[in-house]
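Beneath this line is the structure, given in structure tokens, with notes to follow.
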Amino acid sequence: MNLSLIKNIGPKTEKTLNKLNIFTIEDLLTYYPYKYNIIRFIDINSANSDENCYILAKIISNAKVSYIKRNFNKLSFLASSNDISFNVIIFNRVFLKNKLTIDKDIVLVGKYNKIRNVFTASNILFNIEDNRIEPIYHLTDKIKNSNLENFIAEGLKLDYNICDYVPDIFNNKYKLLPKNTAIKLIHQPRNIIDIKMSKLKLIYEELFIYMFKINYLKQNNKKVLGIMKKIDKNYIEDFLCNLNFKLTVDQEKTIDDILNDMQSKRRMNRLVLGDVGSGKTIVAIIAMLANYTAGYQSAFMAPTEILAKQHFEVIQNYFENYSIKVKILTGSLPKKNKEMIYSELKDGQIDIIIGTSALLNADATFKNLGLVITDEQHRFGVNQRSLLQNKDIIKKCDVLYLSATPIPRTLALTIYGDLDLSQIKTKPSMRKSIITKVISEKNIKEMLLKMVEELNYGHQMFVVSPLIEQNDELDVNSVNLLKEKLNKAFKNRVVIEVLHGRLKQKEKDILMLEFQKGNINILISTTVIEVGIDIPNATMMIIYNAERFGLATLHQLRGRVGRNNLQSYCYLVTEDTNNLRLKVMEESNDGFYISEKDFEQRGQGDLFGVKQSGELAFKIADFKRDYKILMQAKIDSEMYLEKSLYKENLLYKNIIEKINFLD
Ligand code: ADP
Ligand code: MG
């Protein structure tokens, strides 16, 4: 249903809501608050000027308007509360003037300065409800929390029916709220129990659907036949002898798993989980080599063009002395070149094609595609997974996923339950641990000295900051401000550039390329560099406002350095130097250890990149926080599937159609 049916939503507001991914009434109603403010009125006597508070008051004088400058005005009036009268001021709310009539009861939100006897209000509420619970939503510019609250309230009045995906047996078993009730209460809870019950329902539902899909895929994958490949092992042995390093035990084990899959009659559907720098690329290369010896083409997909280019260079190098033809296909190639590549893929001249996932969306046809690999798989979700597997051209292909999300094994087995799993835990032995230090900005001198030292060696470094523009309210060191500061500190003697998500792809590519070539000494960026780029000459990672990042992101970021045999350093700059998460980073370089710790420290966190990824971005559930519910949903959905109960449920028929698994 259309958003415009809701009172006060015009075309402009609709556009703003679209930015929050709200396109329909259902989207609006399922846009859940991420936390609640519990409003408790306090006595004006205990109010102060440091903390926001809620005061019940009565208006005792008419409001006066003063215009301070353009776009800046002030309303002031007298109010009383508990026999104390005081001045109230509120900025830029001239439109409230007529509502502020003498003797009216209102709720003042803001801070009270006792000495001046002035209450500076940030908001005035006219609905007086005792101990109200205010839902707080993620917002974007031009929309206020109260706006969203009102739109949702209007939406709820429409009695719009939202499908309940929890099967009756489980609704009854756990006494879950009906979906519509849960939706209403999550936005308008009357008490803590309402919050708890509505969340439980919605979280369980989300996880149940997720686990149902996973289990469904798992059941079907078992049945899917692939190609029984004849692999030339001598050829692979030869290749391995020419490598200038020895494979780690886990790399060898993983390669064994992969070769076995490829030789069996079942199709391979395997996930390689390995920490950053554990050497997943070489494993993928050997899989492609094996596939080549069996007479098939391979496709290797990376999440970004930068990464695709890097893989292309590495892979081409490895196969320099082999008659294996490797090509890259990216969106930015001229049309003519693309068409050339298409035709070479079709007649089988190309053995290995590298690109982004657009590779398979494009009209590429292959002579005999036998293996598809996706790198950094944690960026893709279960729907994309099934889509990939169902593409006609790869229906029988072996599929291999690489992911740098070291998560506890039991969790991996659950959320990636449709895939077989290989883990690479051991790291190449020449790797040195990255020395990690948490420092406050006051003690930054030590870090600057280390930077000078490393710059003198000709080494490069990354500086990461969470935001693009200076934002007073958040007081975050933005990347631009950092550039200024660092230019000052280094007296403009080194080349410092800024990379952020708002740059055009081309600009980003150029910057990365220049950095790779060594023409940039310090690259300041937002987290866009998170994914897999290899700059062996970079030895320092400096992360500002480190407390704002989850352990997973911090670990991924740190993994950008230490990719050679040089000693590398990571500085976590923060005012919160006792932060437990940051301590874990100081303590260990081991992704699996860190992920266990991340898991133990429940609450806020970003479970190793899993949450950022497309399909896994749940609206309300969180694998880590809701682990117990996840496990229950796993068991329940297995039962639902095994007993074929889903066949009588239209909603699940639809889900399955969407998973669109073709036999
Ligand atoms: P990731 O798992 O993060 O994708 P890469 O595959 O990019 O890691 O490997 C990082 C670096 O380690 C590469 O330069 C690669 O050549 C090197 N490497 C991989 N395996 C080994 C090994 N067994 N011994 C030494 N170096 C290795
Ligand atoms: Mg990689």
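Just follow the structure's listing: the first ligand is 1, and inside any ligand the first atom is 1. All values reported here derive from a predicted model rather than from experimental measurement.
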>> Counting only heavy atoms, tell me which of Q251, K280, R563 gets closest to atom 7 (O) of ligand 1.
In response: R563
> So does K437 pair up with E446, basic N to acidic O under 4.0 Å?
Replying inline: yes
> Does T281 approach ligand 1 within less than 4.0 angstrom via side chain, backbone, both or neither, non-hydrogen atoms only?
Replying inline: both
> On the ring face of Y296, is K229 found with NZ or CZ under 6.0 Å from the centre and within 45° of the axis?
Replying inline: yes
>> Please identify which of these residues, D250, D590, D275, meets the salt bridge (Lys or Arg N to Asp or Glu O under 4.0 Å) condition with K427.
In response: D275
>> Using a 4.0 Å cut-off to any heavy atom of T248, which atoms of ligand 1 qualify?
In response: 23 (N)
> Among the heavy atoms of G277, does any lie under 4.0 Å from an atom of ligand 1?
Replying inline: yes
> Which of the numbered atoms in ligand 1 are below 4.0 angstrom from a heavy atom of D275?
Replying inline: 2 (O)
>> Is the ring pair Y210/F618 parallel, tilted or perpendicular, if the boundaries are 30 and 60 degrees?
In response: perpendicular
>> Using 30° and 60° as the class boundaries, would you call the ring planes of F319 and Y322 parallel, tilted or perpendicular?
In response: perpendicular
> Quick one: which of K506, K309, E305 gives a side chain to side chain donor-acceptor pair (under 3.5 Å) with S332?
Replying inline: E305
>> Give the atom numbers and elements of ligand 1 that come within less than 4.0 Å of a heavy atom of P428.
In response: 20 (N), 21 (C), 22 (C), 24 (N), 25 (C), 26 (N), 27 (C)
>> Against ligand 1, does I424 come closer than 4.0 Å with any heavy atom?
In response: no
> Can you tell me if S278 has a non-hydrogen atom under 4.0 Å from ligand 1?
Replying inline: yes
> If you measure every N/O of F245 against every N/O of ligand 1, is any gap under 3.5 Å?
Replying inline: no
>> If the cut-off is 4.0 Å to any non-hydrogen atom of K246, which atoms of ligand 1 fall inside it?
In response: 22 (C), 23 (N), 24 (N)
>> Within the 4.5 Å heavy-atom criterion, are L271 and S403 side-chain neighbours or not?
In response: yes
